[in-house]
Amino acid sequence: MYLAKEDRYQKMQYKRCGKSGIRLPVISLGLWLNFGGVDSFENSRAMVRRAFDLGITHFDLANNYGPPPGSAEETFGEILAKDLQPYRDQLIISSKAGYDMWPGPYGEWGSRKYLVSSLDQSLKRMKLSYVDIFYHHRPDPDTPLEETMGALDFIVRSGRALYVGISNYSAADTQKAAQMLREMGTPCLIHQPRYNMFDRWIENGLTHVLQQEGVGSIVFSPLDQGALTDRYLMGIPPESRVGMNRRFKPTISESKINKVRMLNEIAVKRGQTMAQMALAWVLRLPEVTSALIGSSKVEQIEDAVQTVNHLEFSTDELVQIETILAG
Ligand SMILES: NC(=O)c1ccc[n+]([C@@H]2O[C@H](COP(=O)([O-])OP(=O)(O)OC[C@H]3O[C@@H](n4cnc5c(N)ncnc54)[C@H](OP(=O)(O)O)[C@@H]3O)[C@@H](O)[C@H]2O)c1
């Protein structure tokens, strides 16, 4: 029988999510890849258990995570049933809908029909009565925003989710969505954008909106899918996303790896691994509540959580990092 480590809340840091009552761990675990039906259940289980033992209370899912789509939620449901069910009230579990899930006109995008049906399917797969956060996964150019936000409001009022969020929304759409949700009485808890040293789009307007609206953020791919770690510094390991030629993998170019090599020298001087410095770097922004990592083995999670030992940067370090990234 699994018993969670008693000291699990001692080291992890928890940051308030926007202007809400929820605090999230600064490192959260996403189950996009490596937790599907094609992956080893025991490895997935070991990663989730280790994460929780290290103070990671937030696990991020979506209807389409796998492969095959839906299977990461099934895996997580099984881990809950076997290990984590007694700790349900200590967990923040999220899911999303937006991408293609089933055939016909109601299986993707942002209609009320799709969002409510999809969440009902997710709840069944995870054997849960509610999720803590439900996201609209990507903006829908055709469905009126009022309908999508109305569906999120309904989802909370019907007890299927405690909070709602949006993902991949532009700054302008985020502002509109946050305003609509506030007027409906279901404030937007969180935005989930992509953000890392090589992809800084959120700095051009989104962080300002988040700050203004009191919305938190959890940033995905903070390690650029593994490129911002020491994983590719000595070549391409066969068991990595690039080595296995997975459908989703980081772009590894000579110039990128050269930059990571220089960044890694700064990390070493800080007494950190490259992954830890990349995570601390996204967390330097007050608008970033949590860094949402992926993982293929327990050791990567252990590495990531040690980021909390050194989150601060000197001005000099930040300037050096900017110079490398601009090069
Ligand atoms: N909202 C959205 O549209 C969206 C899109 C994408 C992702 N997400 C969310 O964000 C989560 C994370 O995304 P991501 O997997 O791209 O994040 P990531 O943390 O940037 O990349 C994770 C990968 O980096 C490598 N890695 C992680 N820690 C490492 C370490 N300490 N040392 C060396 N290598 C390490 C591993 O690659 P190997 O597998 O090669 O070992 C791991 O699978 C997803 O699970 C999902 O929840 C959301």
Side-chain angles (χ1 to χ4, degrees), residues 24 27-36 38-40 43-44 47-48 50-51 54 56 58-67 72-73 75-76 92-100 108 133-139 165-169 190-199 201-202 217-252 260 264 267 272-283 288 290-307:
L24 292 179
I27 306 294
S28 300
L29 181 64
L31 282 75
W32 175 35
L33 300 171
N34 305 318
F35 296 83
V38 300
D39 301 296
S40 147
N43 189 47
S44 305
M47 288 193 282
V48 169
R50 188 71 181 126
L54 291 168
I56 294 182
H58 179 28
F59 297 91
D60 180 71
L61 292 112
N63 56 358
N64 60 339
Y65 290 178
E73 289 183 331
T75 299
F76 191 68
I92 297 288
I93 302 168
S94 59
S95 188
K96 319 182 190 77
Y99 287 96
D100 188 13
E108 64 178 326
I133 307 172
F134 183 68
Y135 289 92
H136 187 219
H137 209 158
R138 60 167 166 172
I166 52 179
S167 180
N168 300 307
Y169 273 51
I190 193 163
H191 191 305
Q192 188 176 126
R194 188 170 200 273
Y195 183 53
N196 61 51
M197 285 178 175
F198 293 132
D199 182 357
W201 75 273
I202 72 167
S217 75
I218 179 163
V219 300
F220 71 81
S221 301
L223 301 173
D224 189 21
Q225 293 207 58
L228 282 162
T229 71
D230 57 13
R231 199 127 176 70
Y232 298 100
L233 292 184
M234 312 291 281
I236 295 179
E239 78 288 1
S240 63
R241 281 188 196 182
V242 175
M244 289 192 297
N245 198 19
R246 303 277 302 235
R247 181 170 163 220
F248 298 102
K249 52 183 176 295
T251 320
I252 299 296
V260 179
N264 189 45
Q272 278 186 320
T273 62
M274 180 60 224
Q276 288 163 14
M277 187 174 85
L279 294 172
W281 185 87
V282 298
L283 288 164
V288 173
S290 184
L292 179 52
I293 61 159
S295 163
S296 64
K297 46 185 173 210
V298 162
E299 294 76 21
Q300 294 175 347
I301 297 168
E302 292 170 341
D303 183 12
V305 296
Q306 286 184 52
T307 303

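What you see below is based on every heavy atom in this structure, not just the backbone, and it leaves out hydrogens, waters and symmetry mates. In each ligand, atom 1 is the first atom listed, and ligand 1 is the first ligand listed. Bear in mind that the values here come from a model prediction, so they are computed numbers and not experimental data. Throughout, numbering of the chain's residues begins at 1 and tracks the sequence.
Proximity of A275 to ligand 1, defined as any heavy-atom pair under 4.0 Å, is confined to the side chain (atoms from C-beta onward). Contacts between T229 and ligand 1, counted as non-hydrogen atom pairs separated by less than 4.0 Å, involve the side chain only. Counting heavy atoms closer than 4.0 Å to ligand 1, residue S295 contributes backbone atoms (N, CA, C, O) but none from C-beta onward. If you look at L31 next to ligand 1, the close heavy atoms, those under 4.0 Å, all belong to the backbone.
An N or O contact shorter than 3.5 Å is missing between S240 and ligand 1 by distance. Below 3.5 Å of separation, one finds an N or O of D60 facing an N or O of ligand 1. Where the criterion is an N or O separation shorter than 3.5 Å, residue side chain and backbone included, E239 fails it with respect to ligand 1. For ligand 1, the polar-atom distance check finds no N/O of I293 at less than 3.5 Å from any of the ligand's N/O atoms. At a 3.5 angstrom cut-off on N or O pairs, S167 counts as close to ligand 1. Considering backbone and side-chain N/O of A304, none are found under 3.5 Å from N/O of ligand 1.
Of all atoms in ligand 1, listed by their number and element, those nearer than 4.0 Å to a heavy atom of N34 are 39 (O), 43 (O). Using a 4.0 Å cut-off to heavy atoms of R231, the atoms of ligand 1 that qualify are 33 (C), 34 (N), 37 (O), 38 (P), 40 (O), 41 (O). Close approach of ligand 1 to D303 is summarised as follows: ligand atoms under 4.0 Å from at least one heavy atom of the residue are 30 (C), 31 (N), 32 (N). Ligand 1 places these atoms under 4.0 Å from at least one heavy atom of D224: 20 (O). Ligand 1 places these atoms under 4.0 Å from at least one heavy atom of H137: 1 (N), 2 (C), 3 (O). Short contacts between ligand 1 and N168, defined as distances under 4.0 Å to a heavy atom of the residue, involve ligand atoms 1 (N), 2 (C), 3 (O).
Taking 4.0 Å as the cut-off, P222 counts as a neighbour of ligand 1 on heavy-atom distance. Residue Y65 places a heavy atom less than 4.0 Å from ligand 1. Taking 4.0 Å as the cut-off, L33 does not count as a neighbour of ligand 1 on heavy-atom distance.
Inter-residue side-chain proximity for R50 and E299 is flagged as unmet; no heavy-atom pair is nearer than 4.5 Å. Within the 4.5 Å cutoff, side-chain heavy atoms of E73 are placed close to those of S95.
Among V242, V305, L292, the residue whose heavy atom lies closest to atom 12 (C) of ligand 1 is L292. Considering only non-hydrogen atoms, atom 23 (C) of ligand 1 lies nearest to R241 out of R241, K96, Q192. For atom 13 (O) of ligand 1, the nearest non-hydrogen atom from the set A291, A62, S221, G30 comes from S221.
When every heavy atom of A280 is checked against every heavy atom of T307, the shortest pair comes out as N-CG2, 3.6 Å. Looking at every heavy atom in both residues, R231 comes nearest to S240 through NH2-CA, 3.6 Å. The two residues I56 and S28 have their closest heavy-atom pair at CG2-CA, 4.0 Å.
Nearest protein heavy-atom neighbour of atom 44 (C) of ligand 1: W32 CB, 3.3 Å.
Between F220 and W32, a ring centre-to-centre spacing not shorter than 6.0 Å is recorded.
Put simply, the residue from S167, S94, S290 that forms a side chain to side chain donor-acceptor pair (under 3.5 Å) with D60 is S94.
Here the OH atom belonging to Y195 is positioned 3.5 Å from the CH2 atom belonging to W281, to the nearest 0.5 angstrom.
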